[in-house]
Undergrad: 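Handing you this structure, nothing more for now.
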Amino acid sequence: MDENGFIPFRIKTVEPIRKTDRKERAEIIKNARYNLFNIASGDVMIDLLTDSGTGAMSSAQWAEIMLGDEAYAGAESFRKFKKAVSDVLGFEYVIPSHQGRAAENIVSRALLKPGMIVPGNYHFDTTMAHIEDKGGRGQFFVIEEGLSPEKLHPFKGNVDISRLDSFLSDKKNLEKVPFFILTVTCNSTGGQPVSMANIEALSTLLKGYRIPLFMDIARFAENAFFIKIREEGYADMTVGEIVRKMMSYADAVICSAKKDPLGNMGGFIATDNKDYYEMFSVFCILHEGYLTYGGLSGRDLGALSQGLYESIEFEHLAYRTSVVRHLGEGLNALGVPVVMPIGGHAVFVDGLKYMDHIGKEFFPAQTLGIALFIEGGIRGVEVGSLLAGRDPDTGENVYPAMDNLRLAVPRRVYTKEHMDYVISAFKGLNSTKKEYKGVKIKREAPVLRHFTVELDLV
Ligand SMILES: *Cc1c(COP(=O)(O)O)cnc(C)c1O
């Protein structure tokens, strides 16, 4: 692997980072109403808010930007994109969309009716929001280890097949289920992969109940990389071969191309099923645009085509995951509790444990995010009860099993030395964290509240 520390790129363009001090940062976060989304990026020193759309494009991707064909219909850039999806993922039909949630909107508008239940290992927040927006409900079947920060398991994104089986064996449930969504890697539980054996078992189970298997494949390449290095029988297959095998079990996939496909913008739906293609096409044209651009510029489609090929390169994935692991192991060595094993795209700090002097109703992980910004100018994001929002039926706050601060690492942007800086900020936090007593909500939106919420320090 990367044990010799090989970095599979050299740096061609740099973006300077402005250094801020503690006093300035305390003022910045206060003016942002203690919501990290409200901070201007120029005020952030290391931005680990998300790995979505924040990756560095390669020189070959920039070349595709110049080759973009902006024809309304039948653009050459779309032909390249369709070929890349077919070569890398193996699907015949592809519908581009402006990002992942637009693909979710298309699929859920086409297939969901009020009262339906969409099971999954664990839905991403926008997936859940789109299901609820159409009157449906989500239900999670991730294995028990997936919900526990310290329990070790190589594939914590796996589905609990027997729990799903007993759910589906009840006719009252079964008739409400239009499809299953498997998220690879499982973002919300820590960027945890799903094993090929689990995908196979899931596919067999769902076929028995005649339920289609959909996959949310934002991080398909990282998932395949983990299968290669962790699952028996896959060491000699290429990442690309593993990806195509994973995809062979899916009836349709939705993808945020801002993640593994190395785009700054984009998404898509892909399938081999012509009926789905035709159903989804209607809503693509309605919401996104004509079928050969779907809300994207030709140049975006060109850059994405190249990005798809680069996404499955072994050296790229080995270095990327090693940067994330470097951060996680460094924090672990300081006694900072992180979700183990360390996931593909991010390190998740266990807010309930690290900030155990703060009750869950005062949002410990969000408070940690504020503290980390003041300490080092580093921006993470809460993945916990602020993000989980309120139960749509009761209006009560939802407190998920985990309340984490996610430190997501953009692709090809930061090196291990940047991660060392983050680790040193936590060294400071180890002694200052008790000064923070939690936050209270001042204002919130009815859906996806974490993006716009206004908070006060307790
Ligand atoms: C980011 C993401 C989405 C939504 O995609 P956007 O491009 O942000 O709209 C859906 N599912 C998963 C797993 C994601 O990580």
Side-chain angles (χ1 to χ4, degrees), residues 37 48-55 89 95-109 118-133 138 140 142 146 156-159 179-194 199 213-224 226 246-247 250 252-270 283-284 287-288 294-296 300-301 303-304 307-308 311 320 324 343-348 380-383 387-388 404 406-411 447-448 450-451:
F37 286 98
L48 307 181
L49 181 74
T50 177
D51 63 326
S52 179
T54 52
L89 302 171
I95 295 177
S97 65
H98 79 275
Q99 57 184 92
R101 70 197 67 187
E104 290 166 354
N105 185 41
I106 291 168
V107 168
S108 52
R109 271 213 68 178
V118 182
N121 46 351
Y122 205 105
H123 302 325
F124 183 64
D125 58 351
T126 59
T127 317
M128 191 66 167
H130 274 291
I131 292 168
E132 290 178 350
D133 180 56
F140 304 145
V142 70
K156 283 172 93 170
N158 278 1
V159 174
F179 52 88
F180 183 97
I181 301 182
L182 183 73
T183 303
V184 293
T185 59
C186 194
N187 187 345
S188 305
T189 63
Q192 301 291 332
V194 180
I199 296 175
L213 172 55
F214 284 22
M215 291 188 195
D216 176 344
I217 61 158
R219 297 183 183 78
F220 66 91
E222 289 170 12
N223 200 89
F226 284 123
M246 281 165 55
M247 296 303 116
V253 299
I254 49 181
C255 186
S256 167
K258 303 169 72 171
K259 319 288 171 55
D260 278 0
L262 294 163
N264 292 134
M265 190 51 69
F268 60 88
I269 304 164
F283 294 105
C284 174
H287 292 294
E288 296 293 293
L296 294 171
D300 292 332
L301 288 167
L304 275 183
L308 275 167
S311 73
R320 159 157 187 68
V324 178
H345 67 290
V347 173
F348 290 70
V381 69
E382 190 247 28
V383 179
L387 177 131
N404 293 326
R406 186 187 76 179
L407 304 171
V409 183
R411 293 165 182 78
V447 284
L448 297 174
H450 55 292
F451 287 122

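Atoms within each ligand, like the ligands themselves, are counted from 1 in listed order.
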Undergrad: What is the minimum heavy-atom distance between Cys284 and Ile106, and which atoms define it?
TA: CA-CD1, 3.7 Å
Undergrad: Using the side chain to side chain donor-acceptor pair (under 3.5 Å) criterion, which residues pair with Thr126? Sequence neighbours excluded.
TA: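 With neighbours one apart ignored, the set is Glu104.
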Undergrad: Quick one: CD1 on Ile254 to CZ on Phe124, what's the gap to the nearest 0.5 Å?
TA: 11.0 Å
Undergrad: Which residue in the set Leu387, Leu48, Asn187 passes side chain to side chain contact (heavy atoms under 4.5 Å, CB included) when paired with Arg406?
TA: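 With Arg406 as partner, Leu387, Leu48, Asn187 yield a single side chain to side chain contact (heavy atoms under 4.5 Å, CB included), made by Asn187.
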Undergrad: Exactly which residues line ligand 1, taking a heavy atom under 4.0 Å from it as the test?
TA: Gln99, Gly100, Arg101, Glu104, Phe124, Thr126, Thr183, Asn187, Asp216, Ala218, Arg219, Ser256, Lys258, Lys259
Undergrad: Between His345 (side chain) and Lys259 (backbone), is there a donor-acceptor pair under 3.5 Å?
TA: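 Not confirmed, His345 side chain does not pair with Lys259 backbone.
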Undergrad: Indicate yes or no: does Asp51 engage Arg320 in a salt bridge with an N to O separation below 4.0 Å.
TA: yes
